[in-house]
Amino acid sequence: MYLDSAATALKPQTVIDAEKKYLEQYSSNVGRGLYPLAETATEKFEAVREKIARFIGAADTQEIIFTSGTTASINLAAGLLAESVHPADNIVVTEMEHHSNYLPWKELAKKCGASFHVIPITGEGAIDIATLKNSIDERTKIAAFSAVSNVLGTINPVEKFVAAIKGINPQTLVLVDAAQAAPHMRIDVSLWRADFVAFSGHKMFGPTGVGVLYGKAALLETFPPIVFGGGMVFDACAEDTRYREIPYRFEAGTPNIGGVIALGAALDYIENIGFTNIRAYETALTAYAQKRLQETFDDAIRIIGPKDTKDRGGIIAFSLKNIHPHDIAQLLGEQNICVRAGEHCAAPLHRRFGLSATTRLSLSIYNSEEDIEKLITALKEIQKIFSVA
Ligand code: PLP
């Protein structure tokens with residue numbers, strides 16, 4: 001029983017078939033070959049770029065850079081911005097960030113001698129808009145926050161936050177980590193108005209090793225490439241090098257072609273179900289899980305994050321009195337119930353709540369109330385074992 005979709009989602013057959021078909025029937029490189037097989041691969045690869053642009057409301061395919069995942073996307077954005085950050089500047093993130101949207105900015109600030117500011121979160125695991133506004137000033141070069149927390153499940157009002165940041169300092173560049181939003185709700189970059197948006201294919205039913213960095217075209221145009229090699233250059237010689245147009249100049253080397261093509265199948269899978277249905281189903285299931293866990297374990301359970309299900313995605317991190325999360329996850333694992341235990345790559349967040357670790361279940365459209373009941377039965381057994389010990 002799989003309750004770890006925030007780590008990576010299970011893959012539908014259509015996604016597996018798409019990758020297999022590429023490998024079996026038209027495996028070749030993209031953007032280079034002039035023979036039909038390579039043309040087919042290139043067409044299919046570029047068709048996914050178009051599909052992604054439509055999927056997230058981007059104005060142009062030029063704004064879609066393929067990467068290996070959210071981590072690579074955010075590191076790429078931080079690399080592109082390295083020359084623009086100066087010692088008097090500050091970079092702002094939030095206390096709920098995954099390390100992937102925390103460490104690249106912390107390191108960039110350190111490298112540039114800029115200050116690094118972490119916006120505190122509330123006891124319910126939300127970002128207070130007044131606190132957010134107080135953290136932005138005329139020296140804020142970059143603000144980075146997640147659309148959905150991978151621990152608290154908190155859904156941040158992205159559009160409102162971006163508007164608030166830009167309202168104080170229109171020059172601040174905003175990056176949204178949409179890793180936990182992309183599989184569950186519509187990303188619309190035309191509404192969000194963030195400068196960068198990052199997400200991973202594998203969390204949205206696609207394969208591992210593929211992700212996206214969306215960047216506004218006018219902004220991307222201002223950056224030179226930072227990774228060099230094949231596929232990103234028109235002409236290279238000792239005297240002069242002419243780099244290709246965006247997004248290709250940021251995609252040096254052979255990409256994960258089969259992965260990108262299979263991600264296209266994953267987007268079709270999501271579109272066929274529809275985000276309205278996905279969100280309605282997952283919200284109802286999350287509410288059910290919250291209620292059942294709370295009423296079953298009462299004072300012994302501590303669920304962190306928003307109480308109101310409408311403010312959270314299908315992620316529930318909790319601690320059970322006197323039982324270490326690793327013991328819970330291991331004993332559940334013995335019954336083939338897959339949950340995560342630890343800090344979930346969010347140490348600052350756990351520190352904020354005075355916790356060294358939590359157990360996390362994360363839901364997707366293939367989960368059911370029956371899964372929640374099985375989990376609760378297993379947790380009750382574990383509680384019994386520890387109360388005897
Ligand atoms: N950001 C968030 C909010 C995440 O949940 C994750 C992964 O769990 C990441 C970033 C990193 O994603 P990836 O490991 O696919 O690069």
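Residue indices begin at 1 and follow the sequence shown. As the structure lists them, so they are numbered: ligands from 1, and atoms in each ligand from 1.
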Residues T67, S73; criterion side chain to side chain donor-acceptor pair (under 3.5 Å); working and verdict: CA-CA 6 Å; T67 67; S73 296; 2.8 Å; yes
Atoms in ligand 1 with a heavy atom of K203 nearer than 4.0 Å: 6 (C), 7 (C), 8 (O), 12 (O)
Location of contacts on S146 toward ligand 1, heavy atoms closer than 4.0 Å: neither
R244 charged N/C atom sitting above Y248 aromatic ring, 6.0 Å / 45°: yes
S149 vs Q180 side-chain heavy atoms within contact, under 4.5 Å: no
Nearest protein heavy atom with distance in Å, relative to atom 4 (C) of ligand 1: H98 CD2, 3.3 Å
Atom indices of ligand 1, in the order listed, that fall short of 4.0 Å to a heavy atom of S200: 12 (O), 13 (P), 15 (O), 16 (O)
Proximity to ligand 1 by part of D177, non-hydrogen separation under 4.0 Å: side chain
E83 atom CD, over 12 foreign heavy atoms within 6.0 Å: no
Numbering as shown, the atoms of ligand 1 that approach A179 to under 4.0 Å (heavy-atom distance): 1 (N), 2 (C), 4 (C), 10 (C)
F145 ring center near F161 ring center (under 6.0 Å): yes
Heavy atom of the protein closest to atom 5 (O) of ligand 1 (residue, atom name, distance): Q180 NE2, 2.7 Å
Heavy-atom gap E97 to ligand 1 smaller than 4.0 Å: no
For ligand 1, the portion of H344 having any non-hydrogen atom under 4.0 Å away: neither
For atom 16 (O) of ligand 1, the protein heavy atom that lies nearest, with its residue and separation: T71 OG1, 2.5 Å
Parallel, tilted or perpendicular, as decided by the 30° and 60° cut-offs, for the rings of Y26 and Y22: perpendicular
Side chain to side chain, N90 and F116, heavy atoms closer than 4.5 Å: no
S100 N/O to ligand 1 N/O under 3.5 Å: no
R186 NZ/CZ over F55 ring centroid, <6.0 Å and within 45° of normal: yes
